[in-house]
2 protein chains.
Amino acid sequence: MLTYSEENYLKTIFHLSLGQQQGISTNAIAAKIETKASSVTDMIKKLNEKKLIKYQKYQGVTLTAEGLLAAKMIVRKHRLWEVFLVDKLGFSWDEVHDVAEELEHIKSEKLINKLDAFLEYPTQDPHGDPIPNAKGEIKQVDKKLLSEVETNKIVICVGVKDSSSEFLQYLDKQKISLGSKIEITDIEPFDQSYTVKIDNHNITITKKIASNLFVKEQ
Amino acid sequence: MLTYSEENYLKTIFHLSLGQQQGISTNAIAAKIETKASSVTDMIKKLNEKKLIKYQKYQGVTLTAEGLLAAKMIVRKHRLWEVFLVDKLGFSWDEVHDVAEELEHIKSEKLINKLDAFLEYPTQDPHGDPIPNAKGEIKQVDKKLLSEVETNKIVICVGVKDSSSEFLQYLDKQKISLGSKIEITDIEPFDQSYTVKIDNHNITITKKIASNLFVKEQ
DNA sequence: ATTAAAATTTAGGCAAAGCTAAAAATATAT
DNA sequence: ATATATTTTTAGCTTTGCCTAAATTTTAAT
């Protein structure tokens, strides 16, 4: 049985490992969890003894198969609860993260599987991130950043890279949401600002915004 | 902000205080929480310093107004989650307690009030126990034990005194649920067993069963 | 190749919440 | 009323997860 804290470390290592070949550094974990490197070292030793991570002093850590599955189950719970909060309770997508951070630690497989069924087996959370199924399988949708799309191509917004409430609230303000039709009509060479058509209105966004929106071509 | 453990103590003191004038003893709390008396003394001191309980050495404890409200909010959360588990996720009434014990500690007033609305402001949990509203007010339904009802009077089952899964499963087996129409047709003087008519079937139950069923006359 | 900087680990401590064993206070029984 | 039993508290210890400060290892720079 994992403690609350152990679960948070596994989840964090999982997130930091995405698209990453090397081991995850102590400092990277400390930064993400907002704790001290020395605390991370302590926890790393514990997770290593439990065989949830592979660890050699000074070499960073990677998840073992068992640790990976545990991490995916936490992510699964987190994202299913987010769907619940948005779809059933009417939370907005920028409000759900913190509550889901607590809910993800509730220990009941039956609960999470019944919740999954109640929500009709969603495959994405409110930010477009994939929800692992009960076996830990993740259906990767192919998507790219808006900043990588060529001009005059119509794409659909399918996710956000940054899901801070600041960014999400900005998107709300600009009426950009999952499913929005987006077309880059122009990129200004001077400041790299993008003129884009969102559904039926035209706005200008910075490159930073374009680099945080996932879209799919279709 | 209360810790998980502090919340459990407050809730326990609340439950032990129901229909109780005197202070709650250290041993009573220890028995209910399944911990040692010395641990209870430690926690009592902490809750006393936080002014959530009134405590004098060797004299037992009572909740202060603030402690009482905090306890009611935990009970509110516990019971609302139970309703959610039964009504929305399809749990049976004997399965919900342990999961609700975890869910009751999720800290978000917004969450619980939205959940309340989603469930359409239920006033009772799946065992017939009253759900405090957002202000902590509890609507007491008047009810009595089946064992206190006279023969040949038709009553409605509105709650259970014991909500152990053993008892609840027994009730399921006997097709007794909240809302069941019950009439005592006979009490056997020799062993105090009751012959009762439940909705449309007749069964015999022991006095112990009759002493754990809440009913209302109507 | 050294040296300086950065990252990581170790050592030693703290607070929360539990425990055991012993001491103190209260309650009960003769 | 006194002795015994029960209850409660105190003292001191453990584990978890965090911390600071110092030591060590690795990395980067000249």
Side-chain angles (χ1 to χ4, degrees), chain A residues 1-14 16-17 20-63 67 70-71 74 101-102 104-107, chain B residues 1-14 16-17 20-63 67 70-71 74 101-102 104-107:
Chain A
M1 189 64 75
L2 299 172
T3 66
Y4 194 100
S5 193
E6 286 168 345
E7 290 191 339
N8 277 336
Y9 274 87
L10 289 177
K11 180 187 60 170
T12 300
I13 296 165
F14 173 77
L16 292 171
S17 298
Q20 181 69 43
Q21 293 319 305
Q22 298 133 299
I24 305 306
S25 74
T26 301
N27 264 1
I29 298 169
K32 194 86 177 248
I33 286 186
E34 295 185 287
T35 186
K36 302 292 164 174
S38 54
S39 305
V40 174
T41 302
D42 286 349
M43 181 57 86
I44 277 176
K45 286 179 184 165
K46 203 184 310 178
L47 294 175
N48 186 54
E49 283 189 3
K50 289 194 173 190
K51 300 205 201 298
L52 295 163
I53 60 176
K54 253 176 53 191
Y55 166 61
Q56 299 213 103
K57 271 192 194 177
Y58 297 99
Q59 300 313 127
V61 302
T62 52
L63 293 169
I74 300 156
E101 288 283 294
E102 289 191 59
E104 73 190 6
H105 299 290
I106 302 291
K107 293 191 182 336
Chain B
M1 189 62 77
L2 298 174
T3 66
Y4 194 101
S5 192
E6 287 169 344
E7 289 191 339
N8 277 337
Y9 275 86
L10 288 177
K11 181 186 61 168
T12 300
I13 295 165
F14 173 76
L16 292 171
S17 299
Q20 181 67 42
Q21 292 320 304
Q22 298 133 299
I24 305 306
S25 75
T26 301
N27 266 359
I29 298 169
K32 193 83 178 246
I33 286 186
E34 294 185 289
T35 186
K36 302 292 163 175
S38 54
S39 304
V40 174
T41 302
D42 286 349
M43 181 56 87
I44 277 175
K45 285 178 184 165
K46 206 185 307 178
L47 294 174
N48 186 54
E49 282 188 6
K50 289 194 172 188
K51 299 207 202 294
L52 294 163
I53 59 176
K54 251 174 56 191
Y55 166 61
Q56 298 213 104
K57 270 190 194 177
Y58 297 99
Q59 300 313 129
V61 303
T62 52
L63 293 168
I74 299 157
E101 289 282 295
E102 288 191 57
E104 73 189 5
H105 300 289
I106 303 292
K107 291 191 183 333

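Given the structure is predicted, the values throughout are model-derived calculations rather than measurements.
- If you measure from atom NZ of B:K45 to atom C1' of C:dA15, you get 16 Å, rounded to the nearest angstrom.
- A donor-acceptor pair under 3.5 Å is absent between the side-chain atoms of B:S39 and the main chain of B:T35, judged by distance alone.
- In this entry the distance linking CG of B:N8 with P of C:dG18 reads 9 Å, nearest Å.
- In this structure, the CD atom of A:Q56 is 15 Å from the P atom of C:dT8, given to the nearest Å.
- As judged by a 4.0 angstrom heavy-atom cut-off over every strand, A:T41 is placed among the base-contacting residues.
- OP1 or OP2 of C:dT9 sits under 4.0 Å from a side-chain N or O of A:T26.
- Taking atom CD1 of A:I29 as the reference point, atom P of C:dT9 lies 9 Å away to the nearest angstrom.
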Within the sub-3.5 Å range, which N or O atoms of nucleotides 2-4 of chain D have a protein N or O partner, and how far apart are they?
none

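- Note: CD1 (B:I24) to C1' (D:dT8) measures 16 Å, nearest angstrom.
- For A:K45, there are no side-chain hydrogen bond (donor to acceptor under 3.5 Å, both in side chains) partners, not counting sequence neighbours.
- Residues forming a side chain to side chain contact (heavy atoms under 4.5 Å, CB included) with A:K57 (at least two apart in sequence, or on another chain): A:Y55.
- Summarising the geometry, the separation between CD on A:E6 and C1' on D:dC18 is reported as 14 Å, rounded to the nearest angstrom.
- At the heavy-atom level, B:Y9 lies under 4.0 Å from the strands shown only through sugar-phosphate atoms.
- With sequence neighbours left out, B:K54 forms a side-chain hydrogen bond (donor to acceptor under 3.5 Å, both in side chains) with no residue at all.
- For A:E104, the side-chain hydrogen bond (donor to acceptor under 3.5 Å, both in side chains) partners two or more places apart in sequence, or in a different chain, are A:K11, A:H78.
- Residues meeting the side-chain hydrogen bond (donor to acceptor under 3.5 Å, both in side chains) test with B:K36, sequence neighbours left out: none.
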Extract all donor-acceptor atom pairs below 3.5 Å that involve side chains of residues 20-32 of chain A and protein atoms in other chains or at least two apart in sequence.
unit_1	atom_1	unit_2	atom_2	d
A:Q20	NE2	A:Q22	OE1	3.0
A:S25	OG	A:A28	N	3.0

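- Between B:Y4 atom OH and D:dT16 atom P there is a gap of 18 Å when expressed in whole angstrom units.
- For A:Y55, a side-chain nitrogen or oxygen approaches OP1 or OP2 of C:dT9 to under 4.0 Å.
- You'll find the side chain of A:L2 reaches within 4.5 Å of the side chain of A:L52, heavy atoms only.
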Do any N or O atoms of the protein come closer than 3.5 Å to N or O atoms of nucleotides 19-26 of chain C, and which pairs are they?
unit_1	atom_1	unit_2	atom_2	d
C:dC19	OP2	B:T35	OG1	2.5
C:dC19	OP2	B:K36	N	3.0
C:dC19	OP2	B:S39	OG	2.6
C:dT20	O4	B:S38	OG	2.9
C:dA25	O4'	B:Y58	OH	3.3

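- Taking only side-chain nitrogens and oxygens, A:N27 never comes nearer than 4.0 Å to OP1 or OP2 of C:dA6.
- A search for ring-ring contact (aromatic ring centres under 6.0 Å, His included) contacts involving A:Y58 returns nothing, not counting sequence neighbours.
- Across the protein-nucleic acid pair, B:N48 atom CG and D:dT8 atom P stand 16 Å apart, rounded to whole Å.
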